[in-house]
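First the structure, in the form of structure tokens, and then the observations on it.
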Amino acid sequence: MLSVAIFAPLISGLVVLFLPNRRVRWIHSIAFAGALIALCATLIIAFRYPSTTGGLQFRTTLTWIPAINANYDIAVDGLSLPLILLTCVLLGATFIYGFGQPAKTKGNTFLFLLMATGLNGLFAAQDLLLFYLFFEVALVPLYFIIGIWGHENRRYAAMKFFLYTRFGSLAMLLSFLALYLSVQPHTFSIAQIAAARPFAGGGSSPALVLLGLMLGFGIKLPVIPLHNWLPDAHVEAPTEGSVMLAGLLLKMGGYGMLRIMLAVVPEAVRNAAWALIAVAVVSIVYGALAALGQRDFKRLVAYSSINHMGYVLLAVAVYAISNDARVRELALTGATYQMVSHGLLTGAMFFVTGIVQGKTGTRDLDRLGGFISGAPVFSFVLALLAFGSLGLPGFSGFIAEFQVIGATVSVSLAAAIIAVIGLLINTGVYLKVLGRVLMGSPPEQASPLTEPGLLPLAVTGSLAVFSLLLGIVPAVLVPIIRGAAQMMARL
Amino acid sequence: MTALLTIVPIAPLAAAALNLFFGDRLPKRGAWMTVAGTLVALVALLLLPSSGVAAGMPWITLNGFEIGVGLRLDRLAWFMAVLVASIASIVNVYAAEFMESESEGRPRFYGLMALFASAMLTVVLADSLVLLFAAWEIMGVTSWGLISFWYCEEKPRRAAQMAFLVTRVGDVGFLLGWLLVLVTFGTTSIDEFLSATQAGTSTPGGLTLIALLLFAAAIGKSAQLPLTAWLPEAMVGPTPVSALIHSATMVAAGVYLVLRFYPLFQVASHALTVVLWVGTVTAVFAAFTASAQMDLKRILAWSTVSQLGQMMIALGLLGPAGALLLLAVHAVFKSGLFLAAGAVERAADAHTLLEMGGLAGSLPWIAAPFGACALALTGFPPFSGFWSGEKILAAASHSGLGWAMLLITLIFLDGVYISRAAAGVFLFWPGHRQLELKRIGLLLISTTLLLGAGALIVGLWLKSAVEGVAPRQFATEPGWGWTISAIISSILGLTYGTWRVLASGPVAAFGDFPDVLASGLYRATTAAARAVLAIGSHHWPERALDNAARGIAVIANQAARGVEAIETGGFDRGAAELASGIWKSGGRVRLLETGKLYIYTGGVFAWVILMILVFAAIWH
């Protein structure tokens, strides 16, 4: 069942490739069917997932490259299942959004499907080499999506994106190889490496392995100062590409930290925890500050992603440093919740930037305005998303942030205070968005502002409703995450 | 009973949802829906017993923590909830007529008013810190949405942003506070937390910290110094909003929060000292500022700040009953004052004292309730404010001569600024304008009259109610001497304020210095926000990172060429190429923008080779 969720997008993507480009309707339907099958498979898994026992479920282990003991080993638990669900939801959302847009070529559609396979595979992989493979599979399509279908400066942004993440993934691969070599018998299995604790002792090698992993995951998350690729990539990417990038590709970094970094080199993370806390709170504050200074709506949302993802690293560091199992569990649940919540809210926010640009032809906040009078329903959705993004109770972001900050309070009040300063600045960021986009008078243009079509409204509105649902009834997701968090917290 | 209790916040919430989604199809664009929502809440409260009902459920269950949401009725909560629901019902009836001339946005207005009532009732009734915090923040959102009701203009937009941001400064303190409670006591239940503080097992330092963090939220919402500047600015919103949210209820929630956690503050006495001094400085500062304002609503706003400061003083002087009584009577007379101000605004189409004057004859049914509320404000017997003044004086005289003198002074200042406002609007002063008045409707007049009558009569009744409700107050009656001093002080203040206006028009009662201070505070607040914005607008860190990344890529690229040269043309040429390449790389930074794939790939491979060499060196 899990393999279906992983490979259904790829298979439908291959089918799409054999269709002629003019069969737009066919391409759309088959691509959407692929997304839908993956979503259904994941939902079945989610409903059958035994949240009381937790742990890795739906495991499939096949021999892949026997010579080096690499296996096709996939399974899900509370950390990965929510992210696989998120992948399927956002993939479906981009396709629904795409129905209302000018027709895309089959190549474009194929790349999105390929990316989804990479992401789902990555979230399910229990083998480091398989993880690396899926990491690259998820990465490469976006390079082409930005480079071919992006905005004016697309080639530069695509190259920058690709180089940064390649750099990171190669550093990560080196760390994987070091881990592989350090365990007897050599293995890529995460569980076996975690059990063997190869780098529990002191010395410089655990730190180097951690450095490699941090480069790989930290560039992806991204953390300050490895974030420089992100704003350019977002600004130049097409709307759907931005949604996938912010909503899902950033989570590869956060998920890698939780799944791999904390499992294989916990002692090294613990030793470096204060440095990581510092990086995290700097990311939280810096991301919000930089977002506040932007005039470009899309760039603003991109920087505010750095603020949001900073909480994930903060949770990882607090997890590593705390001795209290309750606090560790709180941190892990918060980090996972934050990834899902950010995927929904910021994914939707990037749809919004696309809609606003489509309506007015600009993303310049100084020239936008007056959406309330022209497009009240859209304005309402944007207001929901903005308040969700600034951490208002009732939305999923609040649940995530209070858990992470709560865990932080028990470790260091100072770090928590800096984090809430970032929260405050981020409040200013989204109030600025609301003030500039919704209020004031509309930009001078020939046609008055109107509501976007039904499809864009449905996509952004449903994502906002998902976020509200997760914010008001956290019990729909928390039990699934809790099982995994408990198991890890006891380690 | 449990169901009835949950109806209290849910009825206005349902009204809000109906208004926001279907308001255009409802009669009066949803005005009566909002009134109905708050009335249902009020009736439900009156049907409920005044304590002993609770409703709750677990919300997030983790291994170590049980985070619950729930409502709980005790006498304090019941009293406060009835007060909120009553004032909200009256103001919403007023708003049904006041907002009728708006062509657009009325469903949004009524929806947000109902949402506010729901959030405020939840704050009052919450038994869970997380639910209290959530409703607290949602109140802030409704306040933001209502201040910016006229969103096309610049001023309301800015005022709304300021209100939300400044109050959120306090709110994040609250967030840290309740999270600290969660991780140290393992609970979010207010009752459990308060009984744990009484057990004596926790350190006083930790409790003081929690109390101060909670008080930060009270400072923000109740506009105490230094988070004051937003409240006068918020007056650009529609007047019913000012009457309900920015004077009677939401801003008093800060005082209610301290009352709710009063057992904690009693244990953490240092925090109570902070409450006392913040209240003192704010009350004096705001009373002086009110005496120098020209805009009628801004006078009332500064008066609200001052009165909230007096409630904080009462809390700090171990007089919680006095604070609660003042909160209750203030809610009645201040919303009455605002409704009268709104009626004047509608009739005369004027906002500042300089544009008004001599309206007593033409608007007697507005002048009379305004006068009654003004007398209540100065604590003139038998108006309602007298009874709360007595209670606070009792606590103050018990604490020391200085505190009692402070309160007598504050009563004098209250008298000065409110009589100046009343005389400026309603009496004939030299040089006042002749105004053409528009007719105002029956609902405006009747609701204002109702609250004016309330300001006259509810004092004694509320006093007996409060005595059974508030945390026990040590001293309940001041001596005769203090009572007479207070009355004399209020008469002096009223006389001085009226005389100033009659003699020289509505000039600042004590000169302009308070206004200079107040605008300094405003400038400091906006400057803080602007400084943060300015820091964020510096793009040099980003550019520096950009250039660093480019530099690395170029160097790697040149290194790759060097290596390539070694392969093809021997070491010497290769080394020379490498050196000159790196030397030139500064000038070649722009090369990266050409987008030639092979250059980048070369760079990456060079980097990989380098890393492998490093690793190999470490391994052996």
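Note that the structure is predicted; figures quoted are calculated from it, not measured. Proteins get letters first, then strands, A, B, ... in listed order; numbering begins at 1 in each.
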Honestly, the part of B:Pro541 sitting under 4.5 Å from a heavy atom of chain A is both

Distance (rounded to the nearest 0.5 Å) between A:Thr427 OG1 and B:Gln161 CD: 11.5 Å

Report the distance from atom CG of B:Leu176 to atom CD1 of A:Ile405, rounding to the nearest 0.5 Å. 7.0 Å

Minimum-distance pair of heavy atoms, taken over all atoms of A:Gly428 and B:Leu165: N-CD2, 3.7 Å

Using non-hydrogen atoms only, which part of B:Val169 is less than 4.5 Å away from chain A: side chain, backbone, both, or neither? both

Using 0.5 Å steps for rounding, measure from the CZ atom of B:Arg157 to the CG atom of A:Leu438. 10.5 Å

Closest non-hydrogen atom pair, B:Arg168 against A:Leu390: NH1-O, 2.9 Å

CD1 on A:Ile372 to OG on B:Ser148, rounded to 0.5 Å: 7.0 Å

Name the region of A:Thr333, side chain, backbone, both or neither, that has any atom closer than 4.5 Å to a heavy atom of chain B. side chain

Taking side chain as C-beta onward, heavy atoms only, is A:Ile399 less than 4.5 Å from B:Trp59? yes

Heavy-atom proximity to chain A below 4.5 Å, by part of B:Glu542: both

Which atoms of A:Ala290 are under 4.5 Å from chain B, going by heavy atoms: the side chain, the backbone, both sets, or neither? backbone

Atom of B:Ile60, atom of A:Gln403 and distance for their closest heavy-atom approach: CD1-NE2, 4.5 Å

Got a second to check how far A:Ile224's CD1 is from B:Leu545's CG, nearest 0.5 Å? 7.5 Å

Could you look at B:Trp178 and say if it's the side chain, the backbone, both or neither that has a heavy atom under 4.5 Å from chain A? side chain

Quick check: closest heavy atoms across A:Met439 and B:Tyr151, and the distance to 0.1 Å? CB-O, 3.5 Å

To the nearest 0.5 Å, how far apart are CD1 in B:Ile138 and CG in A:Leu392? 5.5 Å

Around A:Phe144, counting heavy atoms of other residues, nucleotides and ligands shown, do more than 12 lie under 6.0 Å from its CZ? no

Closest non-hydrogen contact found for B:Thr61 with A:Arg482 is O-NH1, 2.5 Å

Applying side chain to side chain contact (heavy atoms under 4.5 Å, CB included), run through A:Val409 and B:Leu182 and close with a yes or a no. CA-CA 10 Å; A:Val409 161; B:Leu182 176 68; over 6 Å; no

Checking side chain to side chain contact (heavy atoms under 4.5 Å, CB included) for the pair A:Phe402/B:Ile67: CA distance, chi angles, key distance, verdict? CA-CA 12 Å; A:Phe402 95 66; B:Ile67 298 167; 3.8 Å; yes

Given the options B:Val69, B:Val532, B:Leu20, which has more heavy-atom pairs under 4.5 Å with chain A than any of the others? B:Val532

Classify the ring geometry of B:Trp144 against A:Phe387: parallel below 30°, tilted from 30° to 60°, perpendicular beyond 60°. perpendicular

Is A:Leu434 in contact with chain B via its backbone, its side chain, both, or neither, using a 4.5 Å heavy-atom distance? side chain

Quick one: of A:Val429, A:Val478, A:Leu424, who has the most non-hydrogen atom pairs under 4.5 Å with chain B? A:Leu424

I want to check something: taking the side chain as every heavy atom from C-beta on, are A:Leu413 and B:Leu209 in contact at a cut-off of under 4.5 Å? yes

Taking the ring of B:Phe164 and the ring of A:Tyr430, is the distance between their centroids below 6.0 Å? no

Side chain, backbone, both or neither of B:Leu180 within contact of chain A (heavy atoms, under 4.5 Å): both

Is A:Val420 in contact with chain B via its backbone, its side chain, both, or neither, using a 4.5 Å heavy-atom distance? both

Going by side chain to side chain donor-acceptor pair (under 3.5 Å), name the residues that satisfy it together with A:Glu236, two or more places apart in sequence or in a different chain. none

In short, B:Gly186 meets A:Arg326 closest at the heavy-atom pair CA-NH1, 4.2 Å

Out of A:Gly369, A:Pro479, A:Ser373, return the one with the most heavy atom pairs under 4.5 angstrom to chain B. A:Ser373

